[in-house]
Amino acid sequence: MPVRFYNTMTRELEDFTPLQQGTVTMYTCGPTVYNFLHIGNLRSFLFEDLLHRWLTYRGYNVRQIMNLTDIDDKTIKGSQAKKIPLAEYTEPYKKAFFDDLKTLNFTPAEKYPSATEHIPEMVAIIEKLIAGGYAYETDDGVYFKITSFAPYGKLAHLDRDSLRAGASGRVANDEYEKETVSDFALWKKWTPGDGDVKWDSPWGEGRPGWHIECSAMSMKYLGETLDIHTGGVDNMFPHHENEIAQSEAATGKPFVRYWLHAAHLVVEGEKMAKSKGNFYTLRDLLEKGYSPRSIRYLLYTTHYRKPLNFTFDGIKAADASLKRIDDFLFTLRNVKNSGEADSALTALLKTQTEKFEAGIDEDLNIAEGMGALFELIRAVNEKMESVTTALAGEIIAFFEKIETVLGFLSLGGPGELNEEDMELIAARTAAKKNKDFARADEIRKALLAKGIEVRDTPDGPVWKRI
RNA sequence: GGGGAUGUAGCCAAGUGGUAAGGCCGAGGCCUGCAAAGCCUUUAUCAAGGGUUCGAUUCCCUUCAUCCCCUCCA
């Protein structure tokens with residue numbers, strides 16, 4: 001079964017094959033570093049993490065580039081408000097971004113290039129566009145002329161003529177001197193409002209437009225045609241549409257082969273917005289005491305093209321689900337049965353593995369994969385007394401394998417118990433044998449206070465750290 | 001005004017032209033000295049109204065609700 005993805009460009013599920021056999025080039029629109037990551041960002045980035053991990057699981061060498069947008073209106077505004085240089089302003093947010101990725105156990109991309117470090121590459125593309133008649137210079141900048149690029153609108157399925165300037169109410173119509181309202185800025189000439197933020201260019205001092213950075217950096221690191229380009233649905237238009245226009249106009253080659261976009265999330269059924277007080281960064285959630293793995297589980301296991309309803313009950317449910325998996329693995333590790341393996345369970349492990357893989361192969365349907373996983377857990381729990389150490393080992397190996405995809409399991413062994421605690425457990429076992437249950441419970445309580453939970457099984461007591 | 005998406009049990013969430021996975025929570029039961037873990041039982045006619053069909057939750061139309069986009073918001 002091939003891996004299939006829903007390609008935004010064609011609006012269809014397509015079999016995935018990379019341009020170069022065995023290697024996937026993947027560009028993901030990264031954060032604008034003017035704030036900490038919020039759960040909406042995380043949802044998108046986690047979808048990309050799943051994509052990366054799944055392609056790796058399927059044997060591809062994944063070359064992922066994720067950019068950092070460190071030059072735009074928001075970063076400039078932020079740095080000016082604090083009266084510090086742009087780089088000084090964005091630096092802490094860049095660092096926080098990497099910390100957050102680590103906290104949520106992201107697989108690292110190959111590189112995280114910053115826009116400000118690629119100005120010459122952007123200028124080179126703009127020069128090419130002007131030379132090709134795709135762009136023009138005005139008093140305040142250089143613009144891409146969308147009427148020069150016939151396919152404009154093909155990704156977002158927008159009709160050029162029906163674009164309504166300012167329809168979103170977010171941007172003033174007459175802010176710039178453009179021939180057509182839909183033309184977009186490749187280069188913005190310096191104005192006093194930009195302060196110290198400026199670079200030299202053939203058009204005088206100024207700064208790049210937003211979209212050009214992604215074209216420049218993706219081409220520099222991954223080539224002129226990418227296998228996969230991802231982002232949030234909001235990026236479809238104008239950002240990705242503009243990337244296509246400027247990239248394909250500059251190179252004459254297809255820019256991207258598969259476009260994948262993640263849906264947004266809502267919080268408790270409502271749009272997340274600062275004004276509604278339901279706007280959460282990862283840091284906010286950690287401060288509230290939620291664990292990174294629960295957050296990862298919750299955001300990760302809903303299909304990426306479906307709006308996700310983020311709720312606090314949902315995090316608690318995620319936590320409980322993880323505990324079920326943890327306990328399952330814990331029980332397996334304590335299996336002592338060295339007899340013959342139950343062939344039905346061995347067969348089930350195979351079928352559920354296939355079901356798990358088939359689910360995710362189909363446009364990253366991880367919810368289906370998780371369903372297969374829980375079905376396996378239930379079936380094995382049901383017959384746990386007939387599970388042999390060999391089968392337990394196989395199942396644990398399977399979980400270790402899929403952890404490369406999931407990234408939220410807890411696979412570490414229980415660790416060691418110190419002598420004192422081992423003696424306490426032995427003393428409790430002795431007390432139980434003497435029917436001194438009060439003493440036994442007392443010891444268990446004492447161990448629990450140290451974070452050690454003792455469970456009685458037919459094979460004697462087992463313990464785990466909680 | 002235009003374009004796109006979603007609406008499945010208390011909550012989260014898969015899926016299918018032939019009466020609906022999985023997880024969480026709740027209730028009852030089994031097991032256990034107790035507990036934990038686990039197992040079993042139990043909860044849905046798939047937003048609403050039409051249409052196509054032998055048969056639709058699954059296809060089509062309309063309505064309603066929510067979300068996204070229409071130049072710099074993941």
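Only heavy atoms go into these numbers, but all of them, side chains included; no hydrogens, no water, no symmetry mates. Naming convention: chains lettered A, B, ... in sequence-line order (proteins, then strands); numbering from 1 in each chain. Quick caveat, the model's predicted, so the values are computed rather than measured.
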* Just call it for A/Lys323: base, sugar-phosphate, or nothing, with non-hydrogen atoms closer than 4.0 Å on any strand. => sugar-phosphate
* Start with the C-alpha distance between A/Leu285 and A/Phe310, add both sets of side-chain angles, then the distance that settles side chain to side chain contact (heavy atoms under 4.5 Å, CB included), and finish with yes or no. => CA-CA 12 Å; A/Leu285 297 179; A/Phe310 182 93; 3.7 Å; yes
* To do: Give the nucleotide from the list B/rG33, B/rA74, B/rG15 with an atom nearest to the side chain of A/Phe437.
  => B/rG33
* In whole angstroms, how far is the C1' atom of B/rC34 from the CD atom of A/Glu453? -> 14 Å
* Taking OP1 and OP2 of B/rU66, is either one under 4.0 Å from a side-chain nitrogen or oxygen of A/Lys271? -> no
* Asked: Which listed nucleotide (B/rA37, B/rC24, B/rG3) is nearest to the side chain of A/His157?
  -> B/rG3
* **Any strand: nucleotide that pairs with B/rC39 via Watson-Crick or wobble, under 3.5 Å** => B/rG29
* To do: May I ask you to establish whether A/Arg305 and A/Tyr6 are in a cation-pi arrangement, using a distance under 6.0 Å from NZ or CZ to the six-membered ring centre and at most 45° from the ring axis?
  => yes
* Using the ring pair (Phe, Tyr, Trp, His ring centres under 6.0 Å) rule, take A/Tyr143 and A/Phe184 through it: C-alpha gap first, then chi angles, then the decisive distance, then the call. => CA-CA 5 Å; A/Tyr143 293 91; A/Phe184 59 91; 8.8 Å; no
* Structure fact -> Among B/rA74, B/rA21, B/rA37, the one nearest any side-chain atom of A/Arg455 is B/rA37
* **Geometric cation-pi criterion, A/Lys288 with A/Phe312: 6.0 Å, 45°** => yes
* How is A/His303 classified with respect to the nucleic acid when contacts are heavy atoms under 4.0 Å: base, sugar-phosphate, or nothing? -> sugar-phosphate
* Between B/rA74 (P) and A/Met236 (CE): distance, integer Å -> 16 Å
* To do: Assess whether one donor atom and one acceptor atom, taken from the side chain of A/Arg444 and the base of B/rC34, lie less than 3.5 Å apart.
  => yes
* Asked: Contact class for A/Gly314 vs. all strands (heavy atom < 4.0 Å): base, sugar-phosphate, or nothing?
  -> nothing
* With respect to the side chain of A/Asp234, which nucleotide from B/rA37, B/rA74, B/rG33 is positioned closest? -> B/rA74
* How would you label the contact of A/Arg428 with the nucleic acid (heavy atoms, under 4.0 Å): base, sugar-phosphate, or nothing? -> base
* **Out of B/rA37, B/rG33, B/rC68, whichever nucleotide has its closest atom nearest the side chain of A/His264** => B/rC68
* To do: Find the partner of B/rA56: check Watson-Crick (N1-N3 plus N6-O4 or O6-N4) and G-U wobble (N1-O2, O6-N3) distances, both under 3.5 Å, and reply none if neither fits.
  => none
* Of all the choices, B/rA74, B/rU6, B/rG38, which nucleotide is nearest to the side chain of A/Thr32 once you look at every atom? -> B/rA74
* To do: Provide the Watson-Crick or G-U wobble partner of B/rA5, both distances under 3.5 Å; none if there is no partner.
  => B/rU66
* Within the structure shown, what part of the strands sits under 4.0 Å from A/Phe374 by heavy-atom distance: base, sugar-phosphate, or nothing? -> sugar-phosphate
* Spacing between A/Asn242 atom CG and B/rC73 atom C1', to the nearest angstrom -> 15 Å
* Structure fact -> As its Watson-Crick or G-U partner within any shown strand, both distances under 3.5 Å, B/rG10 has B/rC24
* Want to settle it: does A/Val454 or A/Ala156 sit nearer the 5' end of RNA chain B, counting the closest nucleotide to each? -> A/Ala156
* Could you give me the CA-CA distance, side-chain angles and deciding distance for A/Leu364 and A/Trp54, then say whether side chain to side chain contact (heavy atoms under 4.5 Å, CB included) is met? => CA-CA 8 Å; A/Leu364 304 177; A/Trp54 188 248; 3.9 Å; yes
* Asked: Does a side-chain N or O from A/Asn381 land closer than 4.0 Å to OP1 or OP2 of B/rC39, or not?
  -> yes
* To do: Return no unless some side-chain N or O of A/Lys445 is found under 4.0 Å from OP1 or OP2 of B/rA35.
  => no
* Would you say a side-chain N or O of A/Asn309 is under 4.0 Å from OP1 or OP2 of B/rC12? -> yes
* If each of A/Lys74 and A/Ala317 is mapped to the nucleotide of RNA chain B with the nearest heavy atom, which maps nearer the 5' terminus, i.e. the 5' end? -> A/Ala317
* Asked: Touch check for A/Asp441, heavy atoms < 4.0 angstrom, all strands: base, sugar-phosphate only, or nothing?
  -> base
* From B/rA74, B/rC34, B/rC67, pick the nucleotide closest to the side chain of A/Asn41? -> B/rA74
* Structure fact -> Separation of B/rG22 atom P from A/Leu348 atom CG, nearest Å, is 13 Å
* Asked: A/Asp459 CG to B/rA36 P: how many Å, rounded?
  -> 20 Å
* Asked: Between A/Arg324 and B/rG22, does any side-chain N or O lie under 4.0 Å from OP1 or OP2?
  -> no
* To do: For A/His261 and B/rC73, give me the distance from atom NE2 to atom P, rounded to whole Å.
  => 15 Å
* Asked: What interatomic distance, in whole Å, is found between P of B/rG22 and the corresponding atom of B/rA44?
  -> 14 Å
* Atom CG of A/Leu265 and atom C1' of B/rC73: how far apart are they, to the nearest Å? -> 13 Å
* To do: Select base, sugar-phosphate, or nothing to describe what A/Ala367 touches, counting heavy atoms under 4.0 Å on all strands.
  => base
* Would you indicate which nucleotide in B/rC34, B/rA36, B/rA74 comes nearest to any side-chain atom of A/Asp456? => B/rC34
* Give the rounded distance in Å between these two atoms: CD1 of A/Ile360 and C1' of B/rG22. => 14 Å
* To do: For B/rU66 versus B/rA48, give the span between their C1' atoms, rounded off to a whole number of Å.
  => 15 Å
* Which of the following nucleotides, B/rG33, B/rC73, B/rC24, is nearest to the side chain of A/Ser321? -> B/rC24
* C1' atoms of B/rA21 and B/rG55, separation to the nearest Å -> 23 Å
* **Whole-angstrom distance between B/rU43 and B/rU52, as gauged at atom C1'** => 33 Å
* Pairwise P distance for B/rU41 and B/rG23, with rounding to whole Å -> 12 Å
* Asked: Any Lys/Arg nitrogen of A/Arg296 or A/Asp49 sitting under 4.0 Å from an Asp/Glu carboxylate oxygen of the other?
  -> yes
* Asked: Are there more than 12 heavy atoms of other residues, nucleotides or ligands under 6.0 Å from atom NZ of A/Lys77?
  -> no
* Which nucleotide sits closest to the side chain of A/Asp72: B/rG7, B/rC73, B/rC67? -> B/rC73
* To do: State whether a side-chain donor-acceptor pair under 3.5 Å links A/Thr8 with A/His261.
  => yes
* Asked: In whole Å, what separates the P atom of B/rC69 from that of B/rC24?
  -> 35 Å
* Asked: Taking the same atom, C1', in B/rA5 and in B/rC54, what whole-Å distance lies between them?
  -> 33 Å
* With rounding to the nearest 0.5 Å, note down the distance linking CD in A/Glu442 to CZ in A/Arg444. => 12.5 Å
* To do: Pick base, sugar-phosphate or nothing for A/Lys435, based on heavy-atom distances below 4.0 Å to the nucleic acid.
  => nothing
* Integer angstrom distance from the C1' of B/rG3 to that of B/rU8 -> 26 Å
